[in-house]
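First the structure, in the form of structure tokens, and then the observations on it.
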Amino acid sequence: MNQEIAKIFREMAFILEAQNVAFKPRAYERSFEVLETLTDDVEDLYRKGGLKSLQQIPSIGKALAEHIEEYIKTKKIKEYQTLKKQLPVDISGLSAIEGLGPKKIQELYLKLKIKNVADLEEAISLGKIAKLENFGKKSEENITRGLSFAKTATTRIPLGYILPLAQSIVDKLKKVPGVKKVVLAGSIRRYQETIGDIDILALSDNTQKIMDVFVNLPEVDKILGQGLTKSTVHLKTGMDADLRVVAPEVFGAALQYFTGDKNHNVKVREIAISKGYKLSEYGLFKKEKIIACKTEEEIYNKLGMDYIPPEIRTDSGEIEAAIKHKLPKLISYGSLKGDLQTTTNWTDGETPIKEMAEAAIKLGLEYIAVTDHTQALTITHGLNEKMLMRQAKEIDKINLQYQKEGKNFRILKSAEININKDGTLDINDETLKKLEIVSVAVHSSFRMSKEDMTKRILCAIENPYVNILFHPTGRLINKREAYEVDMDAIILAAKKNNVVLELDCFPDRMDLKDVYVRKAVEAGVKIAIDTDSHSPEHLKFLEFGIGTARRAWVTKNDVINTWPVEKLLKWCSKK
DNA sequence: GCCGTTTTCGGCCCGACTGTTTTCAGTCG
């Protein structure tokens, strides 16, 4: 329901913008963004507390609450239908073309009756665009180019998969003579789970040189814009990259600006105005006089706030908390002592137990849990009770050896146990008792009703031996939707039964996602940040899980694998 | 249309780049 209404509000914002209506578009745009990430279902909120509780949602006032009410009751919003009649076009399709915004799309409709991408292609083939007032030959070329990009455009890519490319571009730019510093900004610096484009900030006194290198990189397909301080390119992978170059002395202001997100920046700038300042990428100004620009910290402090870490700059309470000096101390990178989900060649992993352990030791970890699949997942040759006990013996052997060598490392006996369709587990209690950590997950029948799936998972959570629920929503980014499940009920049950929810940081899982992690932690539920490694290479994904945890305001003590192994095991056995 | 430790009325972020213009609107982030 949230997504349906969000989409309508976005279209309303777009049409209002086309009609040059003042301020309303931003109000609708804000409500779209809020609804899109809201974890509570508006229908539930409305049933429980009516219009009043809808108005509790940030950026939703009387008028928008009534729109939501109307949609819940009638599946329609009259005002939307009226607006849509005035611009009855495929907004999402047309606006996906770079350079086409509300005004131009409206003009194309009014003058040429262009309603969708197919109409647009036809108009171009007939040479109609270039003849249009306010358009021209260049516009036609740009739209043509935009059309071909829109076809090959990649969807947002998981952070872990895009970072190597982004980093390699940064490394190349660093080598340009005269360049003092190059850093990643934007959604990458905020550790967002998926990335839409790569934002790079460079410090240099000679902007021309680095711009030339940037737009001529071998990774570049087309230059979309090139100026003295800002350039945009379309990469061969299908993603866009922006480079912003500023003078070294305004680094803090530029980094703050270029990190975003947009809503955070807007609010910070509004606060600047209310204090008689102006904030831009060039600094914090009082009239013409520069107040702060060297570091981000300085800028936040001058505005009466504590420093806000990039990951939580989303305008979801962090600014208010920073003013009150009540920001949490977020879990820091490198603070995990172990990884509680790793798969070995006993099932569908690539490497023997010991090799995985050695890789973990190299990364400075103190323990891993071996969590091979269990028997119901036949495709992975899942282990039965007998095999699990045989694996346990092997683990004992390696641990003993580590002990003799004086190594501070331990392999924990565990498994990724299937939750059957009826909520029972595919390993018997006798064997569960013998495992040091019992972790469970859904791997089949993803398309159950929300009610049945919730019951199924609650049943597993209530099993007295269960410690961790792995990848709680089952989603695979860009591949598989999350199954439908009542996350509030899961969180409640997890708290009650002392079951940990996993933040699986394999890049295309990132499951739980940030908004749910935040909810879980607020409810007092503990989190485990695991890689779900199927090869030693994957262990490095821990960093991305910490990034997401930080986005969710998670502190060190919320995460059980920051604990020493003794504390962890004691906590698990207390059940 | 939303919002409030200046305000329940009167504000609403800021700047770069492009293209079609003869000074600026549209788009983007």
Side-chain angles (χ1 to χ4, degrees), chain A residues 9 12-14 16-18 20-34 54-68 79 94-108 129-143 145-146 185-187 190 196-201 207 211 215 223-233 240-246 250 253-254 256-285 303-304 315 320 323-324:
Chain A
F9 285 170
M12 292 175 83
F14 194 91
L16 290 165
E17 180 78 45
N20 228 356
V21 175
F23 306 112
K24 271 199 200 182
R26 189 176 148 203
Y28 277 91
E29 183 76 24
R30 288 278 296 149
S31 68
F32 152 72
E33 286 161 357
V34 166
L54 291 178
Q55 281 179 251
Q56 300 295 309
I57 306 168
S59 301
I60 303 292
K62 189 161 173 289
L64 290 175
E66 282 170 2
H67 283 335
I68 295 172
E79 198 173 325
L94 289 171
S95 63
I97 296 163
E98 180 127 9
L100 284 190
K103 305 277 164 61
K104 287 190 172 166
I105 287 172
Q106 179 171 251
E107 205 165 342
L108 289 171
I129 305 286
K131 289 180 195 145
L132 219 53
E133 203 183 332
N134 293 324
F135 287 74
K137 208 159 174 64
K138 278 268 185 181
S139 296
E140 187 169 286
E141 278 169 30
N142 285 340
I143 292 172
R145 197 174 61 182
S187 52
R190 299 197 313 275
D197 60 7
I198 299 171
D199 294 318
I200 303 168
L201 174 67
T207 67
M211 282 302 177
V215 300
I223 302 167
L224 298 180
Q226 186 180 5
L228 278 173
T229 68
K230 182 186 167 186
S231 293
T232 304
V233 297
D240 288 352
D242 279 348
L243 173 65
R244 192 73 199 256
V245 187
V246 297
V250 300
Q256 198 282 327
Y257 150 75
F258 213 27
T259 296
D261 71 7
K262 193 180 80 187
N263 292 328
H264 174 88
N265 281 359
V266 168
K267 195 167 249 182
V268 171
R269 287 174 178 200
E270 281 170 354
I271 287 172
I273 291 172
S274 74
K275 293 182 181 293
Y277 298 121
K278 182 186 76 167
L279 178 63
S280 77
E281 55 264 53
Y282 298 113
L284 181 66
F285 296 87
L303 290 173
D315 186 22
E320 293 76 4
I323 291 170
K324 289 183 195 144

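Side-chain contact between A:Ile271 and A:Ile323 is present, with heavy atoms from C-beta onward closer than 4.5 Å. Within the 4.5 Å cutoff, the side chain of A:Arg145 has no heavy atoms near those of the A:Glu98 side chain. The side-chain heavy atoms of A:Lys275 and A:Glu270, taken from C-beta on, include no pair separated by under 4.5 Å.
Figure legend. B:dT8 is base-paired to no nucleotide; pairs are counted as Watson-Crick or G-U wobble with both atom distances under 3.5 Å.
If you check every strand for non-hydrogen atoms under 4.0 Å, A:Glu133 touches nothing. Among the atoms of the strands shown, only primed sugar atoms or phosphate atoms (P, OP1, OP2) are found under 4.0 Å from some heavy atom of A:Arg244. If you check every strand for non-hydrogen atoms under 4.0 Å, A:Asn265 touches nothing.
Here CD1 of A:Ile200 is found 11.0 Å from OG of A:Ser231. Values are rounded to the nearest 0.5 Å.
Comment: A:Lys267 engages A:Glu320 in a salt bridge, judged by a side-chain N to carboxylate O separation of less than 4.0 angstrom.
Straight-line distance from the OH atom of A:Tyr282 to the C1' atom of B:dG15: 7 Å, rounded to whole Å. If you take CD1 of A:Ile271 and P of B:dC3, they are 15 Å apart, rounded to a whole angstrom. Here B:dC2 presents its C1' atom at 15 Å from CG of A:Leu54, a figure rounded to the nearest Å. Residue A:Leu284 contributes atom CG, which lies 16 Å from atom P of B:dC13 at whole-angstrom precision. Whole-Å rounding puts the A:Glu66 CD to B:dC2 P distance at 9 Å. In this structure, A:Lys267 places its NZ atom 15 Å from P of B:dC2, rounding to the nearest Å. The CZ-P distance, from A:Phe32 to B:dC2, rounds to 17 Å in whole Å. In this structure, A:Phe285 places its CZ atom 8 Å from P of B:dG15, rounding to the nearest Å.
Panel note: side chain A:Asn265, backbone A:Tyr257; a donor-acceptor pair is recorded below 3.5 Å. A donor-acceptor distance shorter than 3.5 angstrom exists from the side chain of A:Arg190 to the backbone of A:Thr259, with no hydrogens or angles considered. Within the 3.5 Å criterion, the main-chain N or O of A:Leu228 finds a donor-acceptor partner in the side chain of A:Thr207. In this structure, the side chain of A:Glu281 does not engage the main chain of A:Ala254 through any donor-acceptor pair within 3.5 Å.
When distances are taken from the side chain of A:Lys278 to each of B:dG19, B:dA16, B:dC14, the shortest belongs to B:dC14. The listed nucleotides are B:dC13, B:dA16, B:dC2; the one nearest the side chain of A:Arg26 is B:dC13.
For B:dG29 and B:dT23, the C1' atoms lie 24 Å apart once the distance is rounded to whole Å. Rounded to the nearest Å, the gap between the C1' atom of B:dG1 and that of B:dT8 is 14 Å. Nucleotides B:dC13 and B:dG19 are separated by 25 Å at their C1' atoms, to the nearest Å. Look at the P atom in both B:dT20 and B:dT27: the space between them is 13 Å, to the nearest Å. Between B:dG26 and B:dT21, the two P atoms lie 13 Å apart (nearest whole Å).
The aromatic ring of A:Phe23 does not sit over the base of B:dC2, since the test of centres under 5.5 Å and planes under 30° is not met.
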Residues A:Met211, A:Leu243; criterion side-chain contact (heavy atoms from CB on, under 4.5 Å); working and verdict: CA-CA 8 Å; A:Met211 282 302 177; A:Leu243 173 65; 4.0 Å; yes

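Residue-to-nucleotide proximity on DNA chain B shows that, of A:Ile60 and A:Gly225, the 5′-proximal contact is made by A:Ile60. In this structure, A:Leu228 and A:Glu270 both approach DNA chain B, and ranking their closest nucleotides by distance from the 5' end singles out A:Glu270.
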Please list each protein N or O that sits under 3.5 Å from an N or O in nucleotides 5-7 of chain B, with the distance.
none

Only pairs under 3.5 Å count here: list side-chain donor-acceptor contacts from residues 100-107 of chain A, not counting sequence neighbours, and write none if there are none.
| unit_1 | atom_1 | unit_2 | atom_2 | d |
| --- | --- | --- | --- | --- |
| A:Lys103 | NZ | A:Asn20 | OD1 | 3.3 |
| A:Gln106 | NE2 | A:Ala18 | O | 3.0 |
| A:Glu107 | OE2 | A:Lys111 | NZ | 3.2 |

Protein proximity profile, nucleotides 23-29 of chain B - base contact B, sugar-phosphate-only contact S, no contact -, cut-off 4.0 Å on heavy atoms: ---SSSB

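Within the 4.0 Å cut-off from OP1 or OP2 of B:dT20, at least one side-chain nitrogen or oxygen of A:Ser139 is found.
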